[in-house]
Protein chains: 2
Amino acid sequence: MLVAVDCIIFGFDGTHLKLLLIQRAFQPEAGNWSLMGGFVQPDETLPKAAARVLKKLTGIADVYLEELSAFSHPERDPIERTLSVPFTALVDIQQYETQITDDYHAGWFDINKYPKLIFDHREMVEKAKARLRYKAAFHPVLFELLPAKFTIPQLLNLYEEVYDISMDKRNFSRKILSMDLLEKLNEKDKGNSKKGAWLYRLNKKKYKANFHKVASIIPNPDIHYS
Amino acid sequence: MLVAVDCIIFGFDGTHLKLLLIQRAFQPEAGNWSLMGGFVQPDETLPKAAARVLKKLTGIADVYLEELSAFSHPERDPIERTLSVPFTALVDIQQYETQITDDYHAGWFDINKYPKLIFDHREMVEKAKARLRYKAAFHPVLFELLPAKFTIPQLLNLYEEVYDISMDKRNFSRKILSMDLLEKLNEKDKGNSKKGAWLYRLNKKKYKANFHKVASIIPNPDIHYS
DNA sequence: TCAAAAGTGTTTAAAGTACACCCATGA
DNA sequence: TCATGGGTGTACTTTAAACACTTTTGA
């Protein structure tokens, strides 16, 4: 049996949650939109294969990668039986090397409006989206989608986009800051307002140490995943 | 690449959380303790393969099965490269057909004291245990380990065993009943006390409908998983 | 000077936690 | 009659949710 990995790569452009797709270069389905994937090599584990594929497409290393349940339907690949293990990748879209777009005919698409995909890739994307909502309701993973320095209002926008809700900014910032993961910097970001918003950065140590802890950031998180 | 599934089968004997293991019948590692596993057949998905393996070993069908992350180290199987996907199975130990014990040289072991296992099976078991704790802290999966009719004190014992804590029975029963998943029967179980404890059964509809909801049953759930 | 986003504080409601007593029964 | 496990109720603490005003500043 062939074994492959496919990467569901999420990014956040400040307004919308985005998905990175490529136009497939070979048969079957050449020219059609697809997730970036690849076969697992003899010396690789699955996570290593996913990291390799991601690096090749985005130029980014050391990325948040989460393995999802395998896709194993016997006829999912029409040519030869292939098991595929999807990985969710959360990247800082600003670090994406845009020259790659040409090499792979890649493109970022709004998560709510992306083209028809080959095989069962649509199902993978929807699974990854549901999983992201589930995970982010309890664990501070969404920081992975932001640049190293970010503002609380940016973070709020991200949560509102991922869950398609609007949240109370006062309760939100209190909750986020009470998690004690952020360090306030002496800089402001004036990109979005005249007053400017304070920039923060993650305290990586605290982030790692507290990652497994459950933080209920979203009101009524139940209703946001199936 | 060969693709296999391995089942981490949990049961509850009323006191301890148990793990079902077999003595491997073939080389390599013949005679040593192992998880029950098998290769994925040409017409099977992974979950189907896991269900088949489980049925063969326990005689039980329609069991709670949850796929865990794949084990993919290139040298995990010394003979030939084999990818294995572990599945957690939660079974009602009373339904286990004991005659099978002889066929497979199977045995139930205390989850805290089980023999040396082949390959990376110990790691699978530990992952499954951690995952069970995580999952059960938020979702009512532990019912799967009990018979169709059970009492609140039995359920309490189960939670206390899984998390190795003691809980307040008053708060526990209030919490459980407020989830509105149980139906009180007109029977008592007198196995554990003179007074007898009321028997309940799951309302399957409500169970399925509310499964995704998050119920914080364990106090300080954070501290119980890594 | 005013529009637009940033930032802060208080009140109320709900959920979680701690804790103590009575009940039913068989030995 | 008493020891054993089963069952319930209440006060208190903590956490979440709702909500309104002041600040800064560039156009």
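Protein chains get the first letters and strands the later ones, always in sequence-line order, with residue 1 at the start of each.
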Summarise protein proximity over nucleotides 14-24 of chain C in one line of letters, 5' to 3': B for base, S for sugar-phosphate only, - for none, counting protein heavy atoms closer than 4.0 Å.
--SBBBB--BB
If you take any heavy atom closer than 4.0 Å to DNA chain D, which residues from residues 142-157 of chain B end up in contact?
B/P153
Return each pair, listed once, that meets salt bridge (Lys or Arg N to Asp or Glu O under 4.0 Å) where at least one residue sits in residues 114-126 of chain A; pairs must be two or more places apart or across chains.
A/R76-A/D120, A/E126-A/K129
Keeping to residues at least two apart or across chains, list the side-chain hydrogen bond (donor to acceptor under 3.5 Å, both in side chains) pairs with something in residues 187-197 of chain A.
A/K149-A/E187
With side-chain contact (heavy atoms from CB on, under 4.5 Å) as the criterion, how do A/W33 and A/F109 come out once you've worked through the C-alpha distance, each side chain's angles and the decisive distance to 0.1 Å?
CA-CA 11 Å; A/W33 290 99; A/F109 291 87; 3.7 Å; yes
Terminal axes of the helix from C/dT1-D/dA27 to C/dA27-D/dT1 (five pairs each): angle between them, nearest 10 degrees
10°
The residue, A/S173 or A/N192, whose nearest nucleotide of DNA chain C is more 5′ is A/N192
What orientation do A/Y134 and B/H139 show, parallel under 30°, tilted 30 to 60°, or perpendicular over 60°?
parallel
Could you work out, with salt bridge (Lys or Arg N to Asp or Glu O under 4.0 Å) as the rule, every residue matching B/E97, not counting sequence neighbours?
none
Validation: residues 5-15 of chain B side-chain donor-acceptor distances under 3.5 Å, sequence neighbours left out:
{"from": "B/D6", "atom 1": "OD2", "to": "B/S84", "atom 2": "OG", "distance (Å)": "2.6"}
{"from": "B/D13", "atom 1": "OD1", "to": "B/T15", "atom 2": "N", "distance (Å)": "2.8"}
{"from": "B/D13", "atom 1": "OD1", "to": "B/H16", "atom 2": "N", "distance (Å)": "2.6"}

So do the side chains of B/V141 and B/F211 get within less than 4.5 Å of each other, counting heavy atoms only?
yes
Residues in ring pair (Phe, Tyr, Trp, His ring centres under 6.0 Å) contact with B/Y64, at least two apart in sequence or another chain:
none
Contact span of DNA chain D against chain A, any nucleotide atom under 4.0 Å from a heavy atom, 5' to 3', runs D/dA17 to D/dG26
Of all residues at least two apart in sequence or in a different chain, which pass the salt bridge (Lys or Arg N to Asp or Glu O under 4.0 Å) check with B/E160?
none
A/Y200 versus A/Q154, side-chain donor and acceptor atoms under 3.5 Å
no
Which residues satisfy the ring pair (Phe, Tyr, Trp, His ring centres under 6.0 Å) test with B/F172, sequence neighbours excluded?
B/Y159
Any residue meeting ring pair (Phe, Tyr, Trp, His ring centres under 6.0 Å) with B/Y104, in chain and number order, not counting sequence neighbours:
none
